[in-house]
Each structure stands twice: as C-alpha cells, then as structure tokens.
*Asks:* 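Shown below is the structure under consideration.
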2 protein chains.
Amino acid sequence: MATTTEHEPRWLDLEQQRHWRDFLDGAVRLTDALGQQLERDSGLSLSEYEVLVRLSEAPTRTLRMSELADELAQSRSRTTHTIRRMEARGFVERRACKDDGRGVNCTMTDAGSARLEAAAPGHVAAVREHLVDVLSEPQLRALGEAMAVVRAALRARR
Amino acid sequence: MATTTEHEPRWLDLEQQRHWRDFLDGAVRLTDALGQQLERDSGLSLSEYEVLVRLSEAPTRTLRMSELADELAQSRSRTTHTIRRMEARGFVERRACKDDGRGVNCTMTDAGSARLEAAAPGHVAAVREHLVDVLSEPQLRALGEAMAVVRAALRARR
DNA sequence: ATCCGGTAGTTGACATTTCTACTATGCTGG
DNA sequence: CCAGCATAGTAGAAATGTCAACTACCGGAT
C-alpha cells in the first residue's frame, strides 16, 4: 500500500541550513552597519535615505505615497509615519494629487536633496567597504542575481 | 602636476548598484515574508524563533545573555527586552550564573521547546518556498558563500 | 586591601514600527 | 444615478527597538 498523503516537513539539509543562516546573519549585520554609518555621519536612517533616493530618481522628485510604499516594500502606514517625520524636518513636502482625489504626492525639497548628496559618498563608501569590496566581482554578481530571483518571486505573490 | 590627494567618492557602477539594491530589497521582502508567516502561524517573531533555535542547540538549552546577544547580532539591551517578554510568556527562564557573579543564564523551558517544534515545520516550508526552492542549488550555495564572507568581515571589526 | 578600567546585564525614556480601524474618493454594474 | 466594493491615505494605540545611564561584579596593578 502507498502511504497516505505526505505531509512530513521536508527539512533543509546541512548545507542549505548553513546557507540560509549565513544569509540571515549577514543581512542583519550588513544593514545594521550601514544604518549606523548613515545615522552617525548624516542623521538619516537607512530607510529615510532610501526614500530620498527614490524621490531623487523620480521625474519631478515626486512620487505618490503608495508608489513610495511599494518601492520600499513597506506598509502604507509606516510610510505615512516616516514621511510625516521627514516633512517635519523639511526634507519632503506633501500635497494633494490633482487627478486622484484620494492621492497624495510626496516631493523632495532642496533641503532633502542637499541632505542626500551630503550623505551619499559616505554611504557608498560603506557599501563598498562591507559588501562590494569584500566580494569578488563574480561573487557579487551571483549574490545580486540570486536575490533578484528571490525578490521577483516575493513580488509576484500578493 | 598630480592632483591633490584623492578623496573623490568611488561610485558604484550600474551593475554593482543593481546588485546591492536587489540584495537590500530582496532581504527586506524575504525576512518580512518569513516573519509574517511565523507570527501568523506560530505567534513568534523571527527573532524570538532565532532565540529558541540557539537555545535548543546549546548543551543544556542554556546560554549566557551575552552569548545570545552576540549570536543574534543584537544589542544587549534588545536581548534583555526580548528575553524578558519571552520569560513572561513562559518560553525561557533566567537565573544567576554560578561562576560569574555578573552573568545571567537563559534556559529554554519545555513550553519553549514545544513551541519551537510546533513552529519549525511551517517556518522551514516558508524558507523553502521563498528562498531554497526558487534558487538552483549552485545559486543557493553562491548566495550562502557570499554572505558568509560578508558576515565574517563584519564580525571581525568591532 | 583597594583602586580602576573593563565586562555583564538591566532599566526607563524615547523613537520607530505594526496593527487595526477609520475617512474619503474612485470605479463598475444595474 | 447610486450601491457596493476596492483603493489611498491617515491616525492612534500597542508592541518593539534604540540609546544613554546606571548597578554590580571581575581582575589586574599598586
């Protein structure tokens, strides 16, 4: 007789487990180190920095709140709070959306732009120091490509 | 004449930038998805789960607070808060360290162990679904090995 | 012995994030 | 038109994380 429907968990073998753990631990340490560098040298958290980067790349330094939330892979609520604080500090401005009465556009101010430019060199140096320069070129590519796959898979589902 | 000492930032080329961004975005989405699965199905956050895993692997289900903090790459303060909450829920116990008057040993209880065992299959399935099974075997290895290098570099300093 | 710099851990204030509920607007079918 | 469902964004409370003291203990040098 065949066994009944399999619901046994398929465990990870030792290699897989090690890879997963190295990933998790490395990711925590890396984002931590980069966040600390930014906070210390530029008074920005890593996600505030990311906000400014996205806005700086947008057509008129402007994005809808929901676009921002989607790009940062954050909840709308978190985005609202973050932007409210950044607005209080003068880095961004919000105004109602012309074409969609529900929408809110978020624009980076000159002060925000200046802060980003001031922060960028140190941040990039840290990304080099802790990531780019410790890996060989093929290693970095492999890392990036693997994560792109993971990212795409996660974006697909809801 | 030679230019004065170089302090120009060495920017990332487009490839490097893309890899770094894919990494960051993928890492956020991945840890997010895994955290949500754990919280929803087992009432544990990812870092609480990690605490239980480390304790389950320790000789007598026991680790010093500082060992725990080091292994999880967390501040001592955060570890104290987390463990206090977990102790209140009955998953761990703390008691003074015999040989070092400053130390505190943290031990996983039977309830903690049971909770971990209940949570593990679903968590492992999620790790497979979002990471292990979406990558080829060499891709996963490359990812793991690259992150091991990053991790080692970050552990060295400080 | 005791002074001193360093380590272990905790605490409480504060900041950020999450969760849930809520308002307002848009859109589609009858 | 308007009913009903979905989307955009916000708000406040609760949970979690960070930061800066602070206590207590260790261990070596004087």
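Computed from heavy atoms alone, side chains included, the values below leave out hydrogens, waters and symmetry copies. Here the structure is a predicted model, which is why all the values come from computation and not from measurement.
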*Asks:* Between A:R54, A:R115, A:R89, A:R78, which is the residue that forms a salt bridge (charged side-chain N to carboxylate O under 4.0 Å, His left out) with A:E48?
*Replies:*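 By the salt bridge (charged side-chain N to carboxylate O under 4.0 Å, His left out) criterion, A:E48 pairs with just one of A:R54, A:R115, A:R89, A:R78: A:R89.
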
*Asks:* Starting at the 5' end of DNA chain D and moving along, which residue's nearest nucleotide shows up first, A:M65 or A:D32?
*Replies:*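 The answer here is A:M65.
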
*Asks:* In whole angstroms, how far is the P atom of D:dA8 from the CG atom of A:L68?
*Replies:*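 Atom-to-atom, A:L68 to D:dA8, this comes out as 14 Å.
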
*Asks:* If you find the nucleotide of DNA chain C closest to B:T79 and the one closest to A:R84, which residue's nucleotide is nearer the 5' end?
*Replies:*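 Closer to the 5' end of DNA chain C: B:T79.
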
*Asks:* Atom CG of B:L72 to atom C1' of D:dG17: distance rounded to whole Å?
*Replies:*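 These atoms are roughly 14 Å apart.
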
*Asks:* Of all the heavy-atom pairs spanning A:V53 and A:S56, show the shortest one and how long it is.
*Replies:* O-OG, 2.7 Å

*Asks:* State which of C:dT11, D:dA13, D:dT10 makes the closest approach to the side chain of A:R76.
*Replies:* D:dT10

*Asks:* Between B:R61 and B:D110, is the closest basic N to carboxylate O distance under 4.0 Å?
*Replies:*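 Judged by the 4.0 Å cut-off on N to carboxylate O distance, B:D110 and B:R61 do form a salt bridge.
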
*Asks:* Side chain of B:H81 only, please: which of D:dG9, C:dT17, C:dG12 is the nearest?
*Replies:* C:dG12

*Asks:* Do any side-chain nitrogens or oxygens of A:R102 fall under 4.0 Å of OP1 or OP2 in C:dT23?
*Replies:* no

*Asks:* What's the closest nucleotide to the B:R94 side chain, out of C:dA8, D:dG17, C:dT10?
*Replies:*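 Looking only at heavy atoms from C-beta outward on B:R94, the closest nucleotide is C:dT10.
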
*Asks:* Expressed in angstrom and rounded to an integer, what is the separation of A:N105 atom CG from D:dA8 atom P?
*Replies:* 13 Å

*Asks:* Categorize B:S77 for me: base, sugar-phosphate, or nothing, with a 4.0 angstrom heavy-atom threshold over every strand shown.
*Replies:* base

*Asks:* What is the separation between atom CD1 on A:I83 and atom P on C:dT16, rounded to the nearest whole Å?
*Replies:* 13 Å

*Asks:* Can you check whether A:R85 has a side-chain N or O nearer than 4.0 Å to OP1 or OP2 of C:dA15?
*Replies:* no

*Asks:* What integer distance in Å separates A:L46:CG from D:dT18:C1'?
*Replies:* 16 Å

*Asks:* Taking all non-hydrogen atoms of both residues, which atom of A:V124 and which atom of B:R10 are closest, and how far apart?
*Replies:* CG1-O, 3.5 Å

*Asks:* Taking for each residue the nucleotide of DNA chain C with the nearest heavy atom, is it B:Q36 or B:G103 whose nucleotide lies nearer the 5' end?
*Replies:* B:G103

*Asks:* For the pair made of CD in A:E48 and C1' in C:dA15, what is the distance, rounded to whole Å?
*Replies:*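 From A:E48 CD to C:dA15 C1': 11 Å.
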
*Asks:* Can you tell me the distance, in whole Å, between the CG atom of B:D100 and the P atom of C:dG9?
*Replies:*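 Between P of C:dG9 and CG of B:D100: 8 Å.
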
*Asks:* In whole Å, what is the span from the CZ atom of B:R78 to the P atom of C:dA13?
*Replies:*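 Taking atom P of C:dA13 as the reference, CZ of B:R78 is at 21 Å.
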
*Asks:* Counting any heavy atom closer than 4.0 Å, what does B:T80 reach on the DNA or RNA strands: base, sugar-phosphate only, or nothing?
*Replies:* base

*Asks:* So what does B:R64 touch, heavy atoms closer than 4.0 Å: a base, only the sugar-phosphate, or nothing?
*Replies:*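 Here B:R64 touches the backbone only, sparing every base.
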
*Asks:* Are side-chain N/O atoms of A:R84 and A:H81 paired as donor and acceptor at under 3.5 Å?
*Replies:* yes

